[in-house]
Q: 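Sharing a structure here in structure tokens format.
Just follow the structure's listing: the first ligand is 1, and inside any ligand the first atom is 1. Any value given below was found using the heavy atoms of this structure, including those in side chains, with hydrogens, waters and symmetry copies removed.
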Amino acid sequence: MKIGITCYPTYGGSGAVATDLGIALAERGHEVHFITYQQPFRLPAFLPRIFFHEVDVVRYPLFEYPPYDLALAVRMHEVVREHRLEVLHAHYAIPHATSAWIAREMLRNDGLDVRIITTLHGTDITLVGQDPSFQTITKFSIERSDGLTAVSNFLRNETYKAFGCTSCAVEVIHNFVDPALYDRAAYRPVLKEQLGGNRAVLMHVSNFRPVKRVRDIVHIFARVRRAMPCVLVMVGDGPERAAAEQEARDLGVQDDTYFLGKLDAVAPLLASADLFLLPSQTESFGLSALEALACGVPVVASRAGGIPEVVIDGETGALRAVGDIDDMAAVAIEILGDRARWMAMSTAAAADARRRFARDEMVARYEAFYARTLG
Ligand code: GMT
């Protein structure tokens, strides 16, 4: 098949999933064209059957808001025409599904066609997509897609609830991990040797948006630190980073808290972690939690959104109510303080991630979904 993929190319779970999917599809013999404003961060320089088409948006003094959606539609139209793509796969509805619809209308005007598949990832449905400024166009773009997938059962149900599009059949295809890459045994725990020593390493990876509740993480850490020697490693960057750094200073834990900023390769870092924290307000899936589990890192997270589909409470980690930092800290201390329990959870986490979220199986499901949508 000839497939076009559009996603947010910078840091974020939806871009990571879209890129990993494209790479896996190319490995299986498909031709994959990424159409984005920047090379996706997880895409290496060259891979056979993978092409990258940059979307360039002209700057003009009149445009206070440069119309990226239109430039994207034009590029999609051009790439489909030139390379005879059969499928345009939009990751994250806004504005990618809308641009794909415009491109398809233009193609039809040329006597050509393409199938649009939209994968819903999270805030395109639960937050941004429901804002009055986007609600109707999100619903419209979803309904005009030829195929719809969601990354969790939770997100599929939210889509029906929020948009009431009874005609949309949303197929759930969970996110996945590459078991060879997210493998604790594949890396030397350099970070633990340098920072942790004999101290437990608590870790968080995200884009530090308010939905991640990163200040809760610092509070949880401060409580755990009172009970045992430990360090906190925060990977990523975003609007709440400064507030989290301030919280660390206010709580007097700044010397044991390391803000590493944005990093491309998180698997080698996860191999040094003893516990992963994800106390988000909501999460349609929680790809970072899955990556941690695959590396044998138990996850303490909030019981919210699709997280319970990923983390098995009591087996591969622990789930607590959103904002309950005392409870999260208490269970973190229990897990880290009992070596046998930690070992059992770590082993179960790595095994469960491989069993339920296998890369090959999910990619095959996308392939089958494309084939069905193409009819
Ligand atoms: O929807 C977002 O907030 C952005 C998106 C991203 O690009 O990181 O995150 C969502 O998609 C990820 C990949 O499918 C999921 O793992 C995240 O849980 C989801 N984020 C939220 O639902 C907040």
Q: List ligand 1's nitrogen or oxygen atoms that come under 3.5 Å of a protein nitrogen or oxygen, with the partner atom and distance.
A:
from: ligand 1; atom 1: 1 (O); to: Thr123; atom 2: N; distance (Å): 2.8
from: ligand 1; atom 1: 1 (O); to: Thr123; atom 2: OG1; distance (Å): 2.7
from: ligand 1; atom 1: 3 (O); to: Thr123; atom 2: OG1; distance (Å): 2.7
from: ligand 1; atom 1: 3 (O); to: Arg209; atom 2: NH1; distance (Å): 2.9
from: ligand 1; atom 1: 3 (O); to: Arg209; atom 2: NH2; distance (Å): 2.9
from: ligand 1; atom 1: 7 (O); to: Gly13; atom 2: N; distance (Å): 3.4
from: ligand 1; atom 1: 7 (O); to: Ser14; atom 2: N; distance (Å): 2.9
from: ligand 1; atom 1: 7 (O); to: Ser14; atom 2: OG; distance (Å): 2.5
from: ligand 1; atom 1: 8 (O); to: Gly13; atom 2: N; distance (Å): 2.6
from: ligand 1; atom 1: 11 (O); to: His121; atom 2: O; distance (Å): 3.2
from: ligand 1; atom 1: 14 (O); to: His121; atom 2: ND1; distance (Å): 2.7
from: ligand 1; atom 1: 14 (O); to: Asn175; atom 2: ND2; distance (Å): 2.9
from: ligand 1; atom 1: 16 (O); to: Gly286; atom 2: N; distance (Å): 3.1
from: ligand 1; atom 1: 16 (O); to: Leu287; atom 2: N; distance (Å): 2.9
from: ligand 1; atom 1: 18 (O); to: Glu283; atom 2: OE1; distance (Å): 2.5
from: ligand 1; atom 1: 18 (O); to: Ser284; atom 2: N; distance (Å): 3.4
from: ligand 1; atom 1: 18 (O); to: Phe285; atom 2: N; distance (Å): 3.2
from: ligand 1; atom 1: 18 (O); to: Gly286; atom 2: N; distance (Å): 3.0
from: ligand 1; atom 1: 20 (N); to: Glu283; atom 2: OE1; distance (Å): 3.3
from: ligand 1; atom 1: 22 (O); to: Ser284; atom 2: N; distance (Å): 2.8

Q: Do the rings of His53 and His33 sit parallel, tilted or perpendicular, given the 30° and 60° boundaries?
A: parallel
Q: Test Phe357 against every option in Tyr182, Phe285, Phe176 by the ring-ring contact (aromatic ring centres under 6.0 Å, His included) rule and name the one that passes.
A: Phe285
Q: Can the ring centres of Tyr370 and His89 be said to be less than 6.0 Å apart?
A: yes
Q: Are Ser152 and Ser284 close enough that a side-chain donor and a side-chain acceptor fall under 3.5 Å?
A: no
Q: If you measure from CD1 on Ile217 to OG on Ser206, what distance do you get to the nearest 0.5 Å?
A: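 Here the interatomic distance stands at 6.5 Å.
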Q: Could you identify which residues cluster with Phe51, counting Ile, Leu, Val, Met, Phe, Trp and Tyr as linked when any side-chain heavy atoms lie under 4.5 Å apart, either directly or through a chain of such contacts?
A: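 Same cluster as Phe51: nobody, lone residue.
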